[in-house]
Amino acid sequence: MSVRYWEEITHGEQFTTGTISVSASDIIDFASQFDPQPYHLDPVVGEQSIFGGHCASGWQICALMMRLFVDSMSNEGIASIGSSEVSSLRWLKPVLADDVLSGTIVVESLQPDSPHTGYGSLNCVIDVFNQSNVKVITLHTDMMVQKRPTEPIDPESAGPQTVGPQTVRVR
Amino acid sequence: MTAPEHFFRTRWFEDIPVGEFHVFGNHTFAEKEIIEFGQAYAPYPMHTDRVAARHSVHDGLVASGWHVCAVWMRLMVTYMERYATGVRDGRRNGAGIGFRDMKWLQPVRPGHNLTYTYEIVEKPDKVIQNKWGIIRSRNEAYNQYGELVFTFQIDILAERRPTD
């Protein structure tokens with residue numbers, strides 16, 4: 001597969017992710033480790049809660065969104081390294097046991113720089129939907145992707161030059 | 001299993017003051033848990049492979065930002081559980097509805113210890129479903145060098161005092 005660099009991604013471009021399913025045991029496993037509240041740990045308590053079912057931790061939804069994003073970029077041949085910032089995120093609807101999630105990533109704008117040298121930013125809106133096409137989370141985030149490497153130095157044509165006592169390599 | 005009483009809040013929305021500040025927990029990130037989280041949710045070499053991570057932008061293995069979030073939640077739940085012990089009047093913790101201005105400012109490497117804090121910064125004048133108010137807090141995590149590593153503001157529902 002060909003590699004796509006930051007320079008080749010366009011304003012308004014949209015990516016559709018794959019899908020990922022969330023089982024009751026996935027919800028309980030994540031909650032046991034990170035969010036041990038009764039409506040995540042116990043399906044019966046979940047049914048009686050304000051969420052109306054055995055629901056995943058909101059942070060598990062975020063983590064699953066990330067997995068969808070990482071796999072999607074990988075499939076597109078885009079070398080992403082994730083985000084250093086999420087300007088906003090809303091949990092809109094609960095994710096319940098046996099839901100199947102998928103996402104859309106829309107590039108709203110592009111910035112040529114990022115906190116990391118050699119990477120540009122995509123200002124993205126990411127939405128995650130359940131199997132009924134109900135949006136469960138929406139977020140705005142800057143995702144960093146690799147820029148086209150600058151031309152490598154040819155060691156033959158750019159040989160060492162002597163300047164005073166130091167040897168420097170001409171770029 | 002029924003909802004344990006220790007999850008009930010000690011206070012109504014009206015009783016929670018802006019400016020209140022808590023240091024609510026700390027956590028040391030082990031290499032194993034960094035890799036497990038990375039493999040499950042953010043399979044970049046910088047989160048999953050100690051050797052390959054040396055060639056990443058962080059020059060070594062680092063925790064996924066969402067792992068740093070998940071640990072925030074774990075410490076918050078543990079703290080709230082302790083904080084609300086013995087309260088039996090049925091007031092409940094509400095759900096988070098969203099966050100803003102989340103920034104991961106420094107890498108979290110194996111063995112790093114993060115201390116998490118929150119401060120109540122605002123109580124927006126909004127009633128949701130005739131029952132809930134919004135508590136907005138600024139959350140931060142510092143590493144063992146005292147560097148600010150992680151920050152965000154989250155909106156969490158808190159039950160308003162009944163009017164009758």
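Residue numbering restarts at 1 for every chain, and letters A, B, ... go by the order of the sequence lines. Nothing here was measured: the structure is a model prediction, and the numbers come from that model.
Both the backbone and the side chain of A:Ser80 have a heavy atom closer than 4.5 Å to some heavy atom of chain B. For B:Leu105, no part lies near chain A; criterion is any non-hydrogen pair under 4.5 Å. For B:Glu36, no part lies under 4.5 angstrom from a heavy atom of chain A. In this structure, the portion of A:Ser32 lying under 4.5 Å from any heavy atom of chain B is its backbone and not its side chain. Heavy atoms closer than 4.5 Å to chain A are found nowhere in B:His47, neither backbone nor side chain. Using a 4.5 Å cut-off between heavy atoms, A:Met65 touches chain B through its side chain atoms alone.
Residue A:Ile81 holds its CD1 atom at 5.5 Å from CE of B:Met46, rounded to the nearest 0.5 Å. Expressed to the nearest 0.5 Å, how far CD of B:Gln106 lies from OG of A:Ser84 amounts to 11.5 Å. Taking CG of B:Asp155 as the reference point, atom CG of A:Leu89 lies at 11.5 Å (rounded to 0.5 Å). Separating the CZ atom in B:Arg100 from the CG atom in A:Leu139 is a distance of 15.0 Å, to the nearest 0.5 Å. The CD atom of A:Glu85 sits 14.0 Å away from atom CZ of B:Phe152, with the distance rounded to the nearest 0.5 Å. To the nearest 0.5 Å, atoms CE (B:Met73) and NE2 (A:His40) are separated by 6.5 Å.
Of all non-hydrogen atoms in B:Trp104 and A:Ser83, the two that sit nearest each other are CE3-O, 3.7 Å. Scanning both residues, B:Tyr44 and A:Gly82, for their nearest heavy atoms gives OH-N, 3.1 Å. Nearest heavy atoms, B:Ala70 versus A:Phe30: CB-CZ, 4.1 Å. B:Ala42 approaches A:Val70 most closely through the heavy-atom pair CA-CG2, 4.2 Å. Across A:Gln33 and B:Arg74, no two heavy atoms sit closer than the pair O-CD, 3.3 Å.
A continuous path of ILVMFWY side-chain contacts below 4.5 Å connects A:Ile126 to A:Ile137, so both sit in one hydrophobic cluster. Residues A:Ile20 and A:Val136 share a hydrophobic cluster, clusters being chains of Ile/Leu/Val/Met/Phe/Trp/Tyr side chains in contact below 4.5 Å. Clustering ILVMFWY residues whenever any of their side-chain heavy atoms sit less than 4.5 angstrom apart, transitively, puts B:Phe21 in a cluster other than the one holding B:Phe24. Hydrophobic cluster membership is shared by B:Ile120 and B:Met80, with clusters built from Ile, Leu, Val, Met, Phe, Trp and Tyr side chains linked at under 4.5 angstrom. Hydrophobic clustering, with ILVMFWY side chains joined whenever heavy atoms are under 4.5 angstrom apart, keeps A:Phe15 apart from A:Val106.
B:Pro43 is listed as a side-chain neighbour of A:Asp71, based on a closest heavy-atom distance under 4.5 Å. Under the 4.5 Å side-chain criterion, counting only non-hydrogen atoms from C-beta, B:Ile97 is not in contact with A:Trp91. Taking 4.5 Å as the limit, every side-chain heavy atom of A:Arg90 sits out of range of all side-chain heavy atoms of B:Phe99.
Relative ring orientation between A:Trp59 and B:Trp66 is described as tilted, the plane-to-plane angle lying within the 30° to 60° band.
Heavy atoms of other residues, nucleotides or ligands lying less than 6.0 angstrom from CZ of B:Arg161 number more than 12. More than 12 heavy atoms of other shown residues, nucleotides or ligands fall within 6.0 angstrom of atom NZ in A:Lys147. Heavy-atom neighbours of B:Lys103 NZ from other residues, nucleotides or ligands within 6.0 Å: at or below the threshold of 12. Atom CD of A:Gln14 has more than 12 heavy atoms from other residues, nucleotides or ligands within 6.0 Å.
Here the side chain of A:Arg67 pairs a donor or acceptor atom with the backbone of B:Gln39 at under 3.5 angstrom.
A distance of 6.0 Å or more separates the ring centres of A:Phe69 and B:Tyr41.
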